[in-house]
Amino acid sequence: MSDLPPPYTALTRHPMLPRTSHDEAARFNFLTHLNRYLSGTLGPGNRLAYDTRVLPAFRAEHGRDPGHRYEIRDAMNQDPFHRMWSALKRNSMEMRQHNGRQTVLRQLDELDALARQFNEHSGQLELDPAVEQPDYQTAVDIHCQPGGYHSEERPGDVSAGANYDVGIFATTGGALGGLNDGGGQAVVAWAKRERPDWQPRRILDVGATVGHNAVPIALAYPDAEVIAIDTAGPSLRYGAARAAGLGAKNIRFVQANGEDLSRFPDNHFDWVQTTMFLHELSATSMPKLLVECHRVLKPGGLILHVEQPQYSDAMPLFEQFMRDWDAFNNNEPFWSAMHGQDLKDVMARAGFPRDSQFVVGVRAVVDRSIFPAAESEEQEDYGRAAVWNAYGAWKPAEAKGFGELAA
Ligand SMILES: C[S@@+](CC[C@H](N)C(=O)[O-])C[C@H]1O[C@@H](n2cnc3c(N)ncnc32)[C@H](O)[C@@H]1O
């Protein structure tokens, strides 16, 4: 089977998706291919550079092997192949943002008007201007996204959400499916396999952005009330309108900070979900947020975090270094520190005993007739697109409080 990514036209054209001209779609096609080429074909050149040049030089200088992924990074940053590969990859991220933003800005009037129309009619959007953006979100343009998820080109717009949606296909090498919802689909497939008769009544998705992975959960559990929270207004406006356009009526997009869920009582939700989220928090935010998630989750309920694999002693240092690329080259400041933590420990301190926790692998569920699987899992992994871990826990019926566990 071919390892070429699908064409940009394979995306499902839901009503809110910004329209792309021929040239804009061609640029996204180029960037999607470039992304896969950099991860799949050229990516292994980094290993070659390490084995043949960088490691022997490190050994000659230090009389030992590198003891940490940062030592490998410092050494690899001197290598001409790695520097070229890294510059290309960074440039592909900047080009993706540039193309997405151009595409959105030229039709922003139409997109804003359409979003307003959907949101006024559906009642699925609840904004709270008092919610402040966390400082770690405003400190950098996260993964080179101009203005992050929250900035507005003009008051009340959808520009950030629309840009996120229109270009994520290129960023992920087209690996997440027609609605970029392969992660959410995978979570649903897992939950239905694991608990076929489970009917969660209230589901909270924290850091939902435009709801790529919350909407498939809402559609799979139509009797549940799904609340998708985020701090970023423009992403929520777009997400609520996108969900309404997709016919998902049982999901509401609410502006709130996951560190303060005081609008919800204790033991309120049957399921608390985060998808590709924790790595974009901060060292102070993540533990606070997890304590809140624990508080609002019912005993017997499910918490599930879809994330890239945590680093551990079992993961070779070179792989840790490769996975760390985004932290230092793609404005992901918490990426390295977050993946370096023992997430089970962090979860335990938030109130989820270790023996209630589990880790399962999840792979994006996509239409394989349109989105062929990569020939090698490694290729997809380094593109960090389709292969994820779900770090979860079923909250014990007799759950201990945070204070008791910390004591
Ligand atoms: C990588 S995106 C998450 C992607 C999304 N979960 C999905 O499935 O497509 C991170 C999101 O988290 C939001 N965010 C960051 N800190 C937050 C917080 N403390 N509370 C709520 N949302 C937050 C950002 O605004 C951004 O939209």
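For the ring pair (Phe, Tyr, Trp, His ring centres under 6.0 Å) with His279, the lone residue among Trp388, Trp335, Tyr391 that qualifies is Trp335. Applying side chain to side chain contact (heavy atoms under 4.5 Å, CB included) to Val166 and the options Asn99, Leu11, Val104 leaves one that passes, Val104. Of the listed residues (Arg202, Arg201, Lys298), just one forms a side-chain hydrogen bond (donor to acceptor under 3.5 Å, both in side chains) with Asp270, and that residue is Lys298. Screening Leu88, Asn330, Asn331 against Met93 for a side chain to side chain contact (heavy atoms under 4.5 Å, CB included) leaves a single residue, Asn330.
Minimum interatomic distance between Lys344 and Val359 (heavy atoms only, all atoms of both residues): CE-CG2, 3.8 Å. Pairing each heavy atom of Val206 with each of Cys293, the nearest pair is CG2-SG, 4.3 Å.
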| Audit row: Arg83, Met76, side chain to side chain contact (heavy atoms under 4.5 Å, CB included) steps and yes/no | CA-CA 8 Å; Arg83 289 165 74 104; Met76 285 291 280; over 6 Å; no
| field | CA sep, side-chain torsions, deciding dist, call: Asp324, His339, side-chain hydrogen bond (donor to acceptor under 3.5 Å, both in side chains) | value | CA-CA 9 Å; Asp324 245 13; His339 288 294; over 6 Å; no
| request: Show the numbers, then the answer: is there a side-chain hydrogen bond (donor to acceptor under 3.5 Å, both in side chains) between Arg96 and Thr32? | output: CA-CA 9 Å; Arg96 168 262 172 270; Thr32 308; over 6 Å; no
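Sparse packing is recorded around OH of Tyr37, with 12 or fewer heavy atoms of other residues, nucleotides or ligands lying under 6.0 Å away. Environment of NE2 in His98: sparse, with no more than 12 heavy atoms of neighbouring residues, nucleotides or ligands closer than 6.0 Å.
Using a 4.0 Å cut-off between charged side-chain N and carboxylate O, Lys288 and Glu292 make no salt bridge.
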